[in-house]
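This report refers to the structure that appears directly beneath it.
Counting convention: from 1, in listed order, for ligands and their atoms alike. All values reported here derive from a predicted model rather than from experimental measurement.
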Amino acid sequence: MKPAPFEYFRPRSVEEAIELLAEHGPDAKPLAGGQSLIPAMNFRLASPAVLVDLNEAAGLSNVTAQADGLHIGGMTRHRTLERSETVARAAPLVTAAMPFVAHAAIRTRGTLGGSLAHADPAAELPAVMLALDAVFTVQSRQGSRKVRAADFFTGLFTTTLQAGELLTDVAIPRTPPHAAYAFQEIARRHGDYALAGVAAAVAVDERGRCTSARVALLSVSDRPVLAEHASRALEGEQPTEEAIRAAAAAAAAHDIDPPGDIHASSAYRRHLAAVLMRSVLERAFIDAGRPFRAA
Ligand SMILES: Cc1cc2nc3c(=O)[nH]c(=O)nc-3n(C[C@H](O)[C@H](O)[C@H](O)COP(=O)(O)OP(=O)(O)OC[C@H]3O[C@@H](n4cnc5c(N)ncnc54)[C@H](O)[C@@H]3O)c2cc1C
C-alpha cells in the first residue's frame, strides 16, 4: 500500500524542525529512521498530514562522554550505538543489547530517538534506558524539559511526548564503581521482536554486597517494566545463587502480569522472564567483580 498524501519538510536545524512542528500542530510528525513510521503510513495506520524529516537537522547525532555521563543525540543510528567505542566504555549495556534490535539493514536507519518515541513494548532500547535510569531531553517551542525513562513510557506505543516535542538527547548517568550489566532475550528467530527480554544494571561494594540492582523487562507488559521486587530483594544482600533465584521469582510473580497472544501465553512469558532474570543477574554479578557462588 501507499501512504496517504502528506507535506514534507527537511529542516537543517533543530530550531527549524521545532518551528515546523509548532506551526503544523498535531498533524505533523517527526520522521527519523522511518523504520516504524513509514510502514505504519503505508498500512494507513498513521496518516500525518506533515512529515518533518530530521535527517538533515544538524547536531542531533552526537555521542559524547561528559562529566555527568554519556549523552546521545536523538538521531543517533542503532548502528552507531552498536559500534561506538564511547558507548561501549560508558554504557556497555547499550552495546550488549544492540545486536538484538531488528536486523542489520534496519539498524543502519533506525535511531535511538525513534525507538524511544515509538515506545514498542517489545523494543530493547526502552528497557535498556529504564535499567540505566536514563534522562531524556525533550524540546519544543515552549522550551526544554527533562524526563526520566521511568516516567516517559505511559502505555502501548505511548509516551509523555506531546505534539510539537522532539526528543533531542538521552543522558545515561556515569557508571558507579564495581558496576556490571547484562542483556538477554528470547525471540523465535534472531532479529524478531522478543517474546521476553531482560536488561540489568548492578553494582556491588568492596565486600561483594549488592549496592544497586536495576532490572528492566521488555515484552511482558504494554510498556517496559522495572522489576522493583528484584531490586528490593537484592540491594544490601550478597548476590548468592539463592538470593538471585528468590529475587527473580519475586519479580516474575509480583512485578509483571504478562499478556498472552498468538506468540506466547501469559504463563510462558512469566516463566521466560524468571529464567532470563536469573541468568542475566548471575552474569552481571560475576562481571561486577564478585565471583558468583552458590549459598
Ligand atoms: C522488520 C522490522 C523489525 C524490527 N525489529 C525490531 C526489534 O527487534 N527491536 C526494536 O527495538 N525495534 C525493531 N524494529 C523497529 C526499529 O528499531 C525502528 O528503527 C524504531 O522502532 C523506530 O526508529 P526510527 O528511527 O526508524 O523511527 P521512525 O520510524 O522514523 O519514527 C517512529 C516514531 O517516533 C517519532 N519520532 C522519531 N524520532 C523522534 C524524535 N527524535 N523525537 C520525537 N519523536 C520522534 C516519529 O514521529 C514516529 O512516531 C523493527 C523494524 C522493522 C521494520
Side-chain angles (χ1 to χ4, degrees), residues 3 6 8-11 14 17-18 20-22 24 26-43 45-57 59-62 72-82 94 97-130 136-140 144-145 147 152-153 156-170 183 185-197 199 216 218-219 223-224 263:
F6 57 89
Y8 174 84
F9 295 93
R10 203 172 172 86
V14 174
I18 284 171
L20 283 162
L21 289 170
H24 295 280
D27 289 339
K29 264 197 169 297
L31 172 68
Q35 300 302 294
S36 298
L37 181 55
I38 298 297
M41 289 172 65
N42 286 344
F43 282 112
L45 297 170
S47 303
V50 175
L51 279 189
V52 178
D53 185 343
L54 304 177
N55 284 273
E56 294 293 319
L60 275 176
S61 307
N62 299 329
I72 306 174
M75 275 299 290
T76 306
R77 309 268 177 210
H78 297 331
R79 198 63 164 168
T80 305
L81 294 178
E82 188 178 2
V94 175
M98 288 320 295
F100 295 97
V101 179
H103 310 277
I106 290 157
R107 293 200 293 275
T108 60
R109 293 298 301 166
T111 65
L112 175 60
S115 184
L116 299 176
H118 188 54
D120 189 318
E124 289 79 8
L125 285 166
V128 164
M129 294 306 155
L130 192 55
F136 307 154
T137 300
V138 172
Q139 282 181 249
S140 69
S144 164
R145 65 185 177 99
V147 197
F152 185 74
F153 303 102
L156 192 66
F157 300 107
T158 315
T159 71
T160 64
L161 277 175
Q162 301 294 316
E165 288 190 321
L166 268 189
L167 200 169
T168 52
D169 179 78
V170 171
F183 182 91
E185 68 175 41
I186 300 281
R188 289 196 185 278
R189 292 173 308 185
H190 185 82
D192 280 4
Y193 280 105
L195 299 177
L218 55 109
S219 227
R223 68 196 84 174
H263 305 293

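Nearest approach of I18 to S140, heavy atoms of both residues: CG2-C, 3.5 Å.
Listed by chain and residue number, the protein contacts of ligand 1 are K29, P30, L31, A32, G33, G34, Q35, S36, L37, L54, H78, F100, V101, A102, I106, G110, T111, G113, G114, S115, A117, H118, A123, E124, L161, E165, L166, L167, G191, D192, Y193 (heavy atom within 4.0 angstrom).
Side-chain contact between H263 and Y193: absent, with no pair of heavy atoms (C-beta onward) separated by less than 4.5 Å.
Ring geometry for F183 against F100 counts as tilted: the plane angle lies between 30° and 60°, on a 0 to 90° scale.
Listed by chain and residue number, L60 satisfy the side chain to side chain contact (heavy atoms under 4.5 Å, CB included) test with A57 (two or more places apart in sequence, or in another chain). With sequence neighbours left out, T158 forms a side chain to side chain donor-acceptor pair (under 3.5 Å) with no residue at all. Residues meeting the side chain to side chain donor-acceptor pair (under 3.5 Å) test with D53, sequence neighbours left out: Y8, R10, N55.
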